[in-house]
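I have placed the structure first, in the form of structure tokens, so that the comments after it can refer back to it.
If you're wondering where the values come from, they're calculated on a predicted model, not measured in any experiment. Just so you know, residue 1 is the first one in the sequence shown, and it goes up from there.
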Amino acid sequence: MNVSADRLGPIAETLEKTPGTVFLLSERHNFGDDGALVEYVRSFLDPGHFTLHVTTGETGGNHGDR
């Protein structure tokens, strides 16, 4: 999973925000056993409603990423 912060841009109107509003941006790629991409998810998360907790190491991380 990749996480960053980005301005909403053209989708801002849909969310009733201004284009310069900054949201958390989460992008995740999931792959099948054969290595083929089966799912791509891009989420804009309002930091006023969401928090982000990241776990790394052997008990956490990106098990579905290749």
Side-chain angles (χ1 to χ4, degrees):
M1 180 182 343
N2 297 318
V3 179
S4 61
D6 200 2
R7 290 178 176 82
L8 291 175
I11 68 164
E13 186 177 338
T14 303
L15 299 173
E16 299 178 353
K17 304 287 185 183
T18 61
T21 302
V22 176
F23 270 40
L24 297 171
L25 173 61
S26 169
E27 294 180 288
R28 186 180 72 227
H29 299 82
N30 292 317
F31 300 90
D33 290 338
D34 62 356
L37 180 68
V38 295
E39 180 182 47
Y40 170 70
V41 179
R42 185 174 190 193
S43 303
F44 281 94
L45 306 171
D46 184 341
H49 297 284
F50 293 92
T51 58
L52 182 66
H53 301 273
V54 178
T55 303
T56 61
E58 290 185 25
T59 60
N62 300 321
H63 299 289
D65 290 350
R66 296 188 185 235

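- Heavy-atom minimum distance, A5 versus V22: CB-CG1, 3.8 Å.
- Note that CD of E16 is 12.0 Å distant from OG1 of T21, once rounded to the nearest 0.5 Å.
- Under the 4.5 Å side-chain contact rule for hydrophobic residues, L8 and L45 do not share a cluster.
- Taken together through direct or relayed side-chain contacts under 4.5 Å among Ile, Leu, Val, Met, Phe, Trp and Tyr, L25 and I11 form part of one hydrophobic cluster.
- Note: D6 CG to E27 CD = 8.5 Å, rounded to the nearest 0.5 Å.
- Within the model, atoms CZ of F44 and CG of L15 stand 8.5 Å from one another, a figure rounded to the nearest 0.5 Å.
- Rounding to the nearest 0.5 Å gives a distance of 7.0 Å between CG of N2 and NE2 of H29.
- Note that CZ of F31 and CG of L37 are 5.5 Å apart. Values are rounded to the nearest 0.5 Å.
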